[in-house]
Amino acid sequence: MKKFFAIVISLVFCLCACAASAETLTVGLNAEFAPFEYVDDNGEIAGFDVDLINAMAEKMGMEVEIEDMYFDGLLGALSSDMVDCLITGMTITEERQEQVDFTEPYFSATQAVVVLKGNDSIKTLEDLQGKKAAVQDGTTGHFMAADDLGCDVSDTVYKFSSDAALDVVNGRADCMIIDDAVAQNFLKLYDELTIVEGLDMPVEEYGIAVNKGQDELLASLNDALAAVIEDGTYDELIAKYFQ
Ligand code: GLN
């Protein structure tokens, strides 16, 4: 009988230890970037990136914990180890690669120029020179508008992409420059908005960012990404969010 109890007690111990060691993957994102990450009607953080990282974490035997923060604070949160990785529609750029490592790309995008319907003042990239462009702080759209396209962003840089969209709706800015899939989403919300067609924007690739030196985590994220592509989960998520 004593032996039986000893076995039961050690089993319970083992189960507790195992449950406690289900490792947590802490993920930083900015839930202002639908359909990649947003707060849904129930107040939950949802979206393509959220489903993708959950499916990947399952392959890795890890639990996901999400930290929602401003986009321009995400890289700092990563470098100070507040989070383990970032999945937030983040474009892989050379500047960011000096600071962090990225997984293999998981999505392709371009910047879209969003204007009020009937505004035909922008037909080429050159036409954007001097135009008032609303952007989200610290994004590739922000840098492109300010540094490459010569837009005026002096008082139209926002923490939230939804505020940038409102500037165009209200006629406070000539345009918003933001990733195409997110721009499409704003068109669904605001009937008066449209996207300028035929602009020759470079292709951007989204990656999941980890701190440099985290080679094991990077490798297991890449393996998990390959696994969810291989088993069809990735395509299911594309269908769920983009069709
Ligand atoms: N893809 C853009 C970037 O990396 C925008 C990302 C975002 O706003 N979440 O800067």
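Just so it is clear, the model here is predicted, and its values are computed rather than measured. Start at 1 with the first residue, then count along the sequence.
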Could you tabulate the donor-acceptor pairs under 3.5 Å formed by side-chain atoms of residues 183-195, not counting sequence neighbours?
none

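Both Ile66 and Met62 belong to a single network of hydrophobic side chains, linked directly or stepwise wherever heavy atoms of I, L, V, M, F, W or Y lie under 4.5 Å apart. Hydrophobic clustering of Ile, Leu, Val, Met, Phe, Trp and Tyr side chains at less than 4.5 Å, counting indirect connections, unites Phe36 with Ile229. A single hydrophobic cluster is not seen to contain both Ile92 and Phe107; linkage of ILVMFWY side chains at heavy-atom distances under 4.5 Å, directly or through other members, places them apart. If you chain together hydrophobic residues whose side chains sit under 4.5 Å apart, Met90 and Ile178 never meet in one group. In terms of hydrophobic clustering, with Ile, Leu, Val, Met, Phe, Trp and Tyr side chains grouped at heavy-atom distances under 4.5 Å, Phe143 and Val182 are assigned to different clusters.
Think of Val153 as one node in a network of Ile, Leu, Val, Met, Phe, Trp and Tyr side chains linked at under 4.5 Å; its network also takes in Val113, Val115, Ile122, Leu125, Leu128, Val135, Met144, Leu149, Val157, Ile177, Val196, Leu199, Met201.
In this view, Glu205 and Ser108 satisfy the side-chain hydrogen bond (donor to acceptor under 3.5 Å, both in side chains) rule, not counting sequence neighbours. Residues satisfying the ring-ring contact (aromatic ring centres under 6.0 Å, His included) criterion with Phe71, sequence neighbours excluded, are absent altogether. Every residue meeting the side chain to side chain contact (heavy atoms under 4.5 Å, CB included) condition with Gln99, not counting sequence neighbours, appears here in chain and number order: Leu75. With sequence neighbours excluded, no residue forms a side-chain hydrogen bond (donor to acceptor under 3.5 Å, both in side chains) with Thr93. For Tyr234, the ring-ring contact (aromatic ring centres under 6.0 Å, His included) criterion is met by Phe48, not counting sequence neighbours. For Asp223, there are no salt bridge (Lys or Arg N to Asp or Glu O under 4.0 Å) partners, not counting sequence neighbours. Asp180 is linked by a salt bridge (Lys or Arg N to Asp or Glu O under 4.0 Å) to nothing, counting only residues two or more places apart in sequence or in another chain. Residues forming a salt bridge (Lys or Arg N to Asp or Glu O under 4.0 Å) with Lys59 (at least two apart in sequence, or on another chain): Asp231.
Between the side chain of Asp127 and the main chain of Thr124, a donor-acceptor pair closer than 3.5 Å is present. In this structure a side-chain-to-backbone donor-acceptor pair under 3.5 Å is present from Glu32 to Ser162. A donor-acceptor pair under 3.5 Å is absent between the side-chain atoms of Asn222 and the main chain of Thr103, judged by distance alone. Side chain of Asn42 to main chain of Glu44: no donor-acceptor pair is present (N/O by atom type, distance under 3.5 Å, no hydrogens or angles).
Sequence neighbours left out, the pairs with a member in residues 157-169 that pass salt bridge (charged side-chain N to carboxylate O under 4.0 Å, His left out) are Asp72-Lys159, Asp137-Lys159, Asp167-Arg172. Every pair tested for salt bridge (charged side-chain N to carboxylate O under 4.0 Å, His left out) that includes a residue from residues 77-96 fails, sequence neighbours excluded, so the list is empty.
Once rounded to the nearest 0.5 Å, the distance linking OG1 of Thr233 with CD1 of Ile238 reads 12.0 Å. Expressed to the nearest 0.5 Å, how far OG of Ser220 lies from CD of Gln214 amounts to 10.0 Å. Atoms OH and CG, from Tyr38 and Asp49 in turn, are 11.0 Å apart once rounded to the nearest 0.5 Å. Atom CD1 of Ile53 is separated from atom CD of Glu37 by 11.0 Å, given to the nearest 0.5 angstrom. Note: Ile208 CD1 to Leu52 CG = 5.5 Å, rounded to the nearest 0.5 Å. Rounding to the nearest 0.5 Å places CG of Leu86 at 11.5 Å from CD of Glu67.
Within the 4.5 Å cutoff, the side chain of Val50 has heavy atoms near those of the Leu29 side chain. Residues Ser121 and Lys131 are in side-chain contact: their nearest non-hydrogen atoms beyond the backbone lie under 4.5 Å apart. Using a 4.5 Å cut-off on side-chain heavy atoms (C-beta onward), Tyr106 and Ile87 make contact. Looking only at side-chain heavy atoms (C-beta outward), Val83 and Met69 come within less than 4.5 Å of each other.
Here the closest heavy-atom approach between residue Gly89 and residue Asp179 is recorded as O-OD2, 4.2 Å. Of all the heavy atoms in Ala165 and Met176, the pair that sits closest is N-SD, 3.5 Å. Gln111 and Gly141 get closest at one heavy-atom pair: OE1-CA, 3.2 Å. Residues Val210 and Leu78 approach most closely at C-CD2, 3.7 Å, considering heavy atoms. The nearest pair of heavy atoms linking Phe242 to Ala181 is CE2-CB, 3.9 Å. The nearest pair of heavy atoms linking Thr88 to Phe33 is O-CD2, 4.2 Å.
One side chain, Tyr241 or Asp51, offers a donor N or O that lies under 3.5 Å from an acceptor on the other.
The six-membered or imidazole ring of Phe160 lies near that of Tyr70, with a centre-to-centre distance under 6.0 Å.
By the neighbour-count criterion of 12 heavy atoms within 6.0 Å, atom CG of Asp200 is sparsely surrounded, having that number or fewer from other residues, nucleotides or ligands.
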